[in-house]
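We count residues from 1, following the sequence as given.
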Amino acid sequence: MDEERRGTWFGFGFCGFGQALGSGLGRQVHSPEPVRTPSGSVDVCRVSASWSYTAFVTRGGRVQLSGAAGGAADGYTDAWASEELLVLLRAGPGAGAELQAWAPGSALRGEPLWSQAVQEAEHGANRDETQAGLLPLLPCARAYVSPRPPFYRPLAPTLRARRLELGAEHALLLDAAGQVFSWGAGRHGQLGHGTLEPEPEPRLLEALQGLRMAEVAAGGWHSVCLSETGDIYIWGWNESGQLALPTKSLAEDGKTTAGEASGLDEDGSEVKRVSAGEDGAPAPFIAVQPFPALLDLSPGSEAVKVSCGSRHTAVLTRTGELYTWGWGKYGQLGHKDTTTLDRPCRVEYFVDKQLQVRTVSCGPWNTYVYAVEKEKS
């Protein structure tokens with residue numbers, strides 16, 4: 001990131017516990033607003049949001065908590081927030097670092113619940129860059145942290161993990177070859193293996209074999225990955241339209257929209273699912289999508305980053321536009337209202353303000369975005 005083009009963090013959605021999110025007035029923010037942290041947001045390079053609190057990490061190594069959990073401490077390079085556990089990576093001498101797990105309510109005082117020495121080489125290279133941190137994947141890429149015991153969980157060395165995301169009950173792993181693995185509970189189709197059965201160990205997502213993936217994201221009970229060519233694949237629970245597929249709950253409210261998505265059948269063939277058209281034909285509403293579906297964002301758009309909330313999805317394009325959809329009760333979609341959408345919708349605030357979005361990080365019920373001013377031609 002160019003130093004002269006330092007940008008601003010914005011937030012929108014749920015802030016019922018007083019977490020820094022735009023102005024923070026009331027319990028929710030419906031449109032993007034600059035984040036106001038006690039130390040300011042200019043120097044923030046990492047944001048990790050849980051339901052009741054948010055962790056901010058600055059380029060200077062300060063971690064600061066906002067919301068139901070408070071406190072601040074220096075000397076950290078990454079943070080990962082959950083309701084059960086706050087995981088921090090503390091910089092050490094050389095390539096060394098210390099992984100620490102704290103009770104969120106500890107205010108970062110006293111001693112962590114547990115700590116462990118790790119190698120920090122992979123984190124240290126980009127510690128000043130404004131982007132998502134690697135946690136809960138550890139820097140060694142051979143283990144990850146879980147919010148529930150056992151907290152430290154080793155990975156098979158053969159997986160060669162590059163990125164790991166945790167949903168409410170499942171995990172997604174992206175390996176060095178661009179392949180995706182999933183495991184955990186599968187009752188909402190969030191594993192993508194075509195069944196609702198659980199998987200105790202990482203299992204290759206066969207429906208995506210031969211397609212190199214660049215990003216993965218896990219929502220509460222849905223999953224998304226982006227290919228190296230900018231395509232979006234999405235699967236799992238669609239209760240609030242978070243898959244951008246027709247959902248019955250919105251149709252009953254008269255809010256669902258016509259749209260089309262492609263899925264991959266068990267043999268790799270393409271399957272079309274089309275919502276109700278102008279002729280009023282019945283729509284095959286999708287409650288659970290157990291296979292990856294190929295989602296069309298908008299003509300010519302290439303998706304480069306993705307993040308998921310509990311039941312909403314946010315995708316960033318190569319040109320710096322932000323699209324959101326799914327559950328919108330607290331304004332977490334950023335469209336100036338609390339509408340729930342089962343189709344991708346561009347967040348016009350950043351277009352109107354001539355801003356390019358560089359990073360998006362969703363909490364369960366809110367969304368944080370880092371944006372810079374567009375270069376003048």
Side-chain angles (χ1 to χ4, degrees), residues 50-51 80 82-85 87 101 135-138 141-175 177-209 211 213 215-226 232-243 245 247 263-268 271 273 285-295 306-313 326-327 362 364:
S50 186
W51 176 61
W80 182 72
S82 73
E83 290 303 293
E84 301 88 351
L85 210 63
V87 180
L135 289 174
L137 181 66
L138 299 193
R142 294 172 186 160
Y144 68 100
V145 181
S146 168
R148 291 172 288 277
F151 299 126
Y152 180 89
R153 303 194 182 189
L155 293 166
T158 53
L159 286 174
R160 298 168 59 226
R162 190 168 94 201
R163 182 88 192 162
L164 188 141
E165 291 276 319
L166 295 180
E169 302 175 321
H170 74 296
L172 292 178
L173 182 148
L174 176 68
D175 77 359
Q179 298 184 111
V180 178
F181 295 77
S182 64
W183 66 99
R187 61 195 174 100
H188 292 293
Q190 64 264 49
L191 300 184
H193 301 303
T195 74
L196 306 184
E197 297 300 315
E199 292 289 341
E201 300 293 334
R203 177 181 169 186
L204 177 66
L205 211 61
E206 295 176 2
L208 297 177
Q209 274 193 290
L211 300 170
M213 296 297 142
E215 295 277 335
V216 294
W221 299 270
H222 72 291
S223 305
V224 188
C225 61
L226 309 181
I232 305 169
Y233 294 87
I234 193 164
W235 63 96
W237 198 30
N238 192 47
E239 189 272 344
S240 299
Q242 57 264 50
L243 304 188
L245 296 174
T247 181
L264 296 177
D265 204 350
E266 194 165 4
D267 60 1
V271 178
R273 295 175 179 83
F285 301 116
I286 309 297
V288 170
Q289 171 70 27
F291 278 111
L294 176 61
L295 173 66
V306 60
S307 185
C308 298
S310 178
R311 286 182 284 159
H312 74 287
T313 306
W327 192 46
C362 294

K.L.:
Taking C-beta and beyond as the side chain, do Val145 and Leu85 meet within less than 4.5 Å on heavy atoms?
P.N.:
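Contact flag for Val145/Leu85 side chains = yes.
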K.L.:
Does the side chain of Leu205 come within less than 4.5 Å of Trp235's, by heavy atoms?
P.N.:
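Yes, at least one pair of side-chain atoms sits under 4.5 Å.
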K.L.:
Among residues at least two apart in sequence or on other chains, which ones pass side-chain contact (heavy atoms from CB on, under 4.5 Å) with Ser50?
P.N.:
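Result, side-chain contact (heavy atoms from CB on, under 4.5 Å) vs Ser50: Tyr53, Ala81, Glu83.
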K.L.:
Please list every donor-acceptor pair under 3.5 Å in which a side-chain atom of residues 192-202 meets a protein atom from a residue at least two apart or in another chain.
P.N.:
{"from": "His193", "atom 1": "NE2", "to": "Ser182", "atom 2": "OG", "distance (Å)": "2.8"}
{"from": "Thr195", "atom 1": "OG1", "to": "Glu197", "atom 2": "N", "distance (Å)": "3.2"}
{"from": "Glu199", "atom 1": "OE2", "to": "Arg203", "atom 2": "NH1", "distance (Å)": "2.8"}

K.L.:
Distance from Leu243 atom CG to Ile232 atom CD1, nearest 0.5 Å?
P.N.:
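Rounded to the nearest 0.5 Å, the CG-CD1 separation comes out at 12.0 Å.
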K.L.:
Does His170 have any side-chain hydrogen bond (donor to acceptor under 3.5 Å, both in side chains) partners at least two apart in sequence or in another chain, and if so, which?
P.N.:
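So His170 forms a side-chain hydrogen bond (donor to acceptor under 3.5 Å, both in side chains) with Ser223.
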K.L.:
Once you round to the nearest 0.5 Å, how far does CG of Leu166 lie from CG of Leu135?
P.N.:
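The CG atom of Leu166 sits 10.5 Å away from the CG atom of Leu135.
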K.L.:
For a side-chain contact (heavy atoms from CB on, under 4.5 Å) check, start with the C-alpha distance between His188 and His222, then their side-chain angles and the critical distance, and finish with the verdict.
P.N.:
CA-CA 8 Å; His188 292 293; His222 72 291; over 6 Å; no
K.L.:
Under the 3.5 angstrom rule, does the side chain of Asn238 hit a backbone N or O of Val288 as a donor-acceptor pair?
P.N.:
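No.
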K.L.:
Trp80: which residues meet the ring-ring contact (aromatic ring centres under 6.0 Å, His included) condition with it, sequence neighbours left out?
P.N.:
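Checked Trp80 against ring-ring contact (aromatic ring centres under 6.0 Å, His included); zero matches.
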K.L.:
Quick one: are Pro136 and Leu164 in side-chain contact, heavy atoms under 4.5 Å?
P.N.:
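A side-chain contact under 4.5 Å exists here.
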K.L.:
Would you give me the side-chain donor-acceptor pairs under 3.5 Å for residues 149-161, sequence neighbours excluded?
P.N.:
{"from": "Arg153", "atom 1": "NE", "to": "Pro150", "atom 2": "O", "distance (Å)": "2.8"}
{"from": "Arg153", "atom 1": "NH2", "to": "Ser146", "atom 2": "OG", "distance (Å)": "3.2"}
{"from": "Arg153", "atom 1": "NH2", "to": "Arg148", "atom 2": "O", "distance (Å)": "3.1"}
{"from": "Arg153", "atom 1": "NH2", "to": "Pro149", "atom 2": "O", "distance (Å)": "3.2"}

K.L.:
Output all residues satisfying side-chain hydrogen bond (donor to acceptor under 3.5 Å, both in side chains) with Trp183, sequence neighbours left out; order by chain, then residue number.
P.N.:
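Testing Trp183 for side-chain hydrogen bond (donor to acceptor under 3.5 Å, both in side chains), a comparison that skips the adjacent residues, returns Tyr144.
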K.L.:
Side-chain contact, heavy-atom cut-off 4.5 Å: Val180 with Val216?
P.N.:
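Counting from C-beta outward, Val180 and Val216 do come under 4.5 Å.
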K.L.:
Under the side-chain contact (heavy atoms from CB on, under 4.5 Å) criterion, do Val224 and Thr313 qualify, and how do the steps go?
P.N.:
CA-CA 9 Å; Val224 188; Thr313 306; 4.1 Å; yes
K.L.:
Take Trp51 and Ser310 through the side-chain contact (heavy atoms from CB on, under 4.5 Å) test and state the conclusion after the steps.
P.N.:
CA-CA 9 Å; Trp51 176 61; Ser310 178; over 6 Å; no
K.L.:
Does the side chain of Arg311 come within less than 4.5 Å of Trp237's, by heavy atoms?
P.N.:
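A side-chain contact exists here, since the closest heavy-atom pair is under 4.5 Å.
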K.L.:
I'd like to check the salt bridge (charged side-chain N to carboxylate O under 4.0 Å, His left out) partners of Glu169; sequence neighbours left out, ordered by chain and number.
P.N.:
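So Glu169 forms a salt bridge (charged side-chain N to carboxylate O under 4.0 Å, His left out) with Arg187.
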K.L.:
Return the CD to CD distance between Gln289 and Gln242, rounded to the nearest 0.5 Å.
P.N.:
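Gln289 atom CD to Gln242 atom CD measures 12.0 Å (nearest 0.5 Å).
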K.L.:
Do the side chains of Gln179 and Leu204 get nearer than 4.5 Å, heavy atoms only?
P.N.:
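The answer is yes; the side chains approach within 4.5 Å.
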K.L.:
Under a plain distance cut-off of 3.5 Å, with no hydrogens placed, do His312 and Ser240 share a side-chain donor-acceptor pair?
P.N.:
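No, no side-chain donor-acceptor contact under 3.5 Å.
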K.L.:
Mind listing the closest non-hydrogen atom pair of Pro147 and Ser82 along with its distance?
P.N.:
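Where Pro147 meets Ser82 most closely, the heavy atoms are CB-OG, 3.5 Å.
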K.L.:
I'd like to check Phe181 versus Asp175 (side-chain heavy atoms, cut-off strictly below 4.5 Å). Are they in contact?
P.N.:
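Yes - at least one pair of side-chain heavy atoms lies under 4.5 Å apart.
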K.L.:
Roughly how far apart are Arg163 CZ and Leu172 CG, rounded to 0.5 Å?
P.N.:
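Going from CZ on Arg163 over to CG on Leu172, the span is 11.0 Å.
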K.L.:
As an exercise, state the distance from CD of Glu215 to CG of Leu226, rounded to the nearest 0.5 Å.
P.N.:
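It comes to 6.0 Å.
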K.L.:
Would you check, one step at a time, whether the test side-chain contact (heavy atoms from CB on, under 4.5 Å) holds for Tyr233 with Leu208?
P.N.:
CA-CA 9 Å; Tyr233 294 87; Leu208 297 177; 3.7 Å; yes
K.L.:
Can you list the residues that meet the side-chain hydrogen bond (donor to acceptor under 3.5 Å, both in side chains) rule with Ser307, with sequence neighbours excluded?
P.N.:
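So Ser307 forms no side-chain hydrogen bond (donor to acceptor under 3.5 Å, both in side chains) with any residue.
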